[in-house]
Structures are given as structure tokens and as C-alpha cells.
Number of protein chains: 2
Amino acid sequence: MSTMETRQRLPAAERRESILAAASVVFGDRGYAGATTDQIATAAGISQAYVVRTFGSKETLFVEVARRAVGRIETAFRSAISADDDRTVVQRLGQAYLDLIADRGILLSLLHIFSLGNDPAIGPVGREGFLTIYRLIRDEAGLPPEEASRFLAEGMLINTVLALQLHDSDDPDALELVTQACGGDLGRFRALAAG
Amino acid sequence: MSTMETRQRLPAAERRESILAAASVVFGDRGYAGATTDQIATAAGISQAYVVRTFGSKETLFVEVARRAVGRIETAFRSAISADDDRTVVQRLGQAYLDLIADRGILLSLLHIFSLGNDPAIGPVGREGFLTIYRLIRDEAGLPPEEASRFLAEGMLINTVLALQLHDSDDPDALELVTQACGGDLGRFRALAAG
DNA sequence: GTCTATAGTTCGATAGAC
DNA sequence: GTCTATCGAACTATAGAC
């Protein structure tokens, strides 16, 4: 008897989604060049060849993951902007950004995309995504350029401490820094990152 | 007759330095996994085998580049702290950080190191480097945790717009953002990045 | 101190069966 | 819709000559 459960036959759209989800995690952990289509396939529970077949190439898949990640941020921010409770817009946006930590891979994939501005295929996608987010918080949330810039800076710090896994460190300085980066609630940061 | 100039025989120490300088640029552009020892060798004007021979492995070379980059920041910051002119410490540190853009590769290599916290060999080096810089600006420059954190955040944003090459964009929003990120002097940012 | 040659591995992509 | 098998390219690292 086989220890492997039978592979499921899925409609194309669902299979695409499951591959994108797996790819987001693997790309987030290892970066574009460091990730292999075989690791993504294993994470998605299918064969390596099928991953490539579904998206045409590793590069196309990465770009799709990148666009999805930016789209998730846009959605989360628009929802935060229209929430209109007793907090300020910036507070709501910050909260929304932190919540994205729970979906492992989104912020880390973006970090890797933004670091490859030199790549002829990936660079333009990264620039477009970054500017899209900047315009959203400036024009739709109404933050002046200076505040919008500061907000993005705080986001980049969150991405960095998340990638470095400083929240899992037992160094008191690391925890102090993570606490500052996430606006005070270390426990929440850790819980979201552990998810 | 050969069109290639004769290769120079250098003392080991000098050769190591020239390889490290080349590796810093290539790793900064492509990341750890994306860079090849052959690209580094070409940039350094020597053979691929000699690069590996000199450092034992690509990984060892990358770790050495990372430690050098952190060391450069430490040196620059200590110098800024002890400068003691009419500016504030934060202003001097910010200026010192921006000046590092001129040495192509330092900030970009660091960006890539910080994004690989999950890697068993590279992760610890990244965490150690990041915390070293945090402690320096907190304990030696005397910034309270909140200010130190904000300073690091601004640094991460600078790294990001630099990697994305937004300073070369002709999009007005990109330029506005870079201007904010570097504290107002876009021309200076561009000049430094152009090298 | 530095090179050429190459071994050994890994990886993305394609072909073709079911 | 999904797999197995495999090709060909790219890359790190080693061996050995000069």
C-alpha cells in the first residue's frame, strides 16, 4: 500500500491558486534565484514539471506572485482607509500592514522583488508595484509626501526584521527593536508571524 | 597579438581586496543566489576558479562581503558621531549613511543579506550585523530606541529605492518619493548613485 | 599567484503517456 | 489535468600545469 494519498485533480483556476500560494512562501523564504520550481512543486504537492507547465516559466510565476502581493496590499489598505473608526488613517494603515504578516510570504516576496530592480524583467514590476502603493497612501489615504514616505520606511523596517526573524531571537536588543518596529505589540507580531 | 592585457600578479592581500570589491557590486546587483562566481571573476578581471580558490566557496565570500559592509557602516557612523559640528547626531548619521551610496554595492549587498534570515549559514550573519548597527546608534550615538528604530527604517527605505533604481526614473512620483527618502537632496542622491 | 580543463551537480524546461 | 523521464544549460568546486 502507498503511504502517499492520491493526487487531486483540480480545475485549472484552483490549481493556479494553490501553486501561487506555495510559490509565495518559497519565494519569500529564498528569493527569486534561490527558490527552485521543485521546492514550489513539493510545497504545492504536485510535480515540478506541472508547475512550469502551468505558468510557462519560473519568471512568469514570480511576476505573478509579485502582482498578487501588491494587490493584497492594495486591498488591505483600501479597506483600512474606508473603515473610518476613531483611529487615524495612519494607525489603520499600520494595523492593516501588520495583519499581512499572517499571510506568510506576501511581505517577504515583496522584499525580494524590491531588491531586484536591476533585473530587466523583474525590475519594472517592482517599481510599478512600489509606486502603486505610494500613490495609494498619498492620494487615497491623503497622506502628505513626508508622512507617506515615513510610513513606507516603517513598512520596510517591518519587512526586514521579519525576514531576519528577529522576532524569534532571544536577544533583548532584537526584541526591543521588533517592538519599536511594530508599534509596541511584540506579542501580536510574534503571533502573526508564527501563524 | 593578444587584445587582452597581461594579467597582473598581485600579493594575496591585494587580490583578496579586489575580489571583495567586485563581489560587493555583483552580489548587490543580483543577490546571493543570483550572482555567479564567474560574474564576480569577470568583474575582478580574473578566472572563475581563482575566485573560488581564494575564498574556498561562494558562501564564504558572501559572508565576508557582508561583514565588510557592516564594518564600513560602523566606521562611517563612528566618524559621524565624533564629528561634533553644529548639526544633530541624527543629521550627521543620516548624512554618513547617504554618503555610503557612493560605494556601489555596500547598501545593496546588505539589503540582500537581510532578506536571507532563513538561510542557516547567512541568517546568523545578517542578524548579528543588523543588531550591531542598532546597538551602535542606540548606545554610541545615544539615540533612544524609538529614534534609533525610525532611523533604521529610513535607512531601509533608502536601500529599497536605491535597489529599485527609482532615482533613475522619469516618473514624478518616483522622484518625489526619493526626494523624501533622502531628506530633500535628490540631486545629491543621484550623483552619489551614479558613481 | 593564476590559469585551463573538467568533474559533478542542480535546475528549468520539454516531450509524451495516461 | 497531471505525471515520469530526460535533455541541455549553467554553475560550483577540484585537479593539475605553469
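Chain letters run A, B, ... following the sequence lines, proteins first, then strands; residues in each count from 1.
The distance from atom CZ of Phe55(A) to atom P of dG1(D) is 12 Å, rounded to the nearest whole Å. Regarding Phe62(A), its CZ atom lies at a distance of 16 Å from the C1' atom of dG12(C), rounded to whole Å. Atom C1' of nucleotide dT2(D) and atom CD of Glu14(A) are separated by 15 Å, given to the nearest angstrom. For the pair Leu61(B) CG and dA13(D) P, the interatomic distance rounds to 10 Å; values are reported in whole Å. Across the protein-nucleic acid pair, Asp38(B) atom CG and dT4(C) atom C1' stand 13 Å apart, rounded to whole Å.
The cationic group of Lys58(A) lies under 6.0 Å from the six-membered ring centre of Tyr32(A) and within 45° of the ring axis, placing it in a cation-pi geometry.
Grouping the Ile, Leu, Val, Met, Phe, Trp and Tyr side chains by contacts below 4.5 angstrom, directly or via other members, places Leu111(B) apart from Phe62(A). Clustering ILVMFWY residues whenever any of their side-chain heavy atoms sit less than 4.5 angstrom apart, transitively, puts Val65(A) in the very cluster that holds Ile73(A). There is no path of hydrophobic side-chain contacts, each under 4.5 Å, that joins Phe27(B) to Val52(B).
Taking 4.5 Å as the limit, some side-chain heavy atom of Ile40(B) sits within range of a side-chain heavy atom of Leu61(B). In this structure, the side chains of Leu152(B) and Ile137(B) come closer than 4.5 Å at one or more pairs of heavy atoms.
Of the residues near DNA chain C, Ala33(A) and Tyr50(B), the one whose nearest nucleotide (by heavy atom distance) lies more toward the 5' end is Tyr50(B).
For the helix from dG1(C)-dC18(D) to dC18(C)-dG1(D), the terminal axes (five pairs an end, C1' atoms, rotation from four pairs onto the next four) enclose an angle of 0°, given to 10 degrees.
Ranking dA13(C), dT2(D), dA13(D) by closeness to the Lys58(B) side chain, first place goes to dA13(D). Out of dG1(D), dG12(C), dT12(D), the shortest distance to the side chain of Thr37(B) is found at dT12(D). Comparing dC3(C), dC11(C), dT12(D) against the side chain of Ile46(B) picks out dC3(C) as the nearest.
A sub-4.0 Å separation between OP1 or OP2 of dT2(D) and a side-chain N or O of Ser47(A) is absent.
Within the 4.0 angstrom heavy-atom criterion, no nucleotide atom of any strand lies near Glu59(A). When heavy atoms are screened at a 4.0 angstrom cut-off, Ala35(B) is found touching the sugar-phosphate backbone but no base atom. Note on Thr54(B): nothing from the nucleic acid sits closer than 4.0 angstrom, heavy atoms only.
No side-chain donor-acceptor contact under 3.5 Å links Glu154(A) and Tyr97(A).
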Please produce a list of atom pairs where a protein N or O lies less than 3.5 Å from an N or O of nucleotides 14-17 of chain D.
from: dG16(D); atom 1: O6; to: Arg53(B); atom 2: NH2; distance (Å): 3.4

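Nearest heavy atoms, Phe114(A) versus Gly126(A): CE2-O, 3.7 Å.
A side-chain contact (heavy atoms from CB on, under 4.5 Å) with Val70(A) is found for exactly one of Arg67(A), Arg68(A), Arg72(A), Glu74(A), namely Glu74(A).
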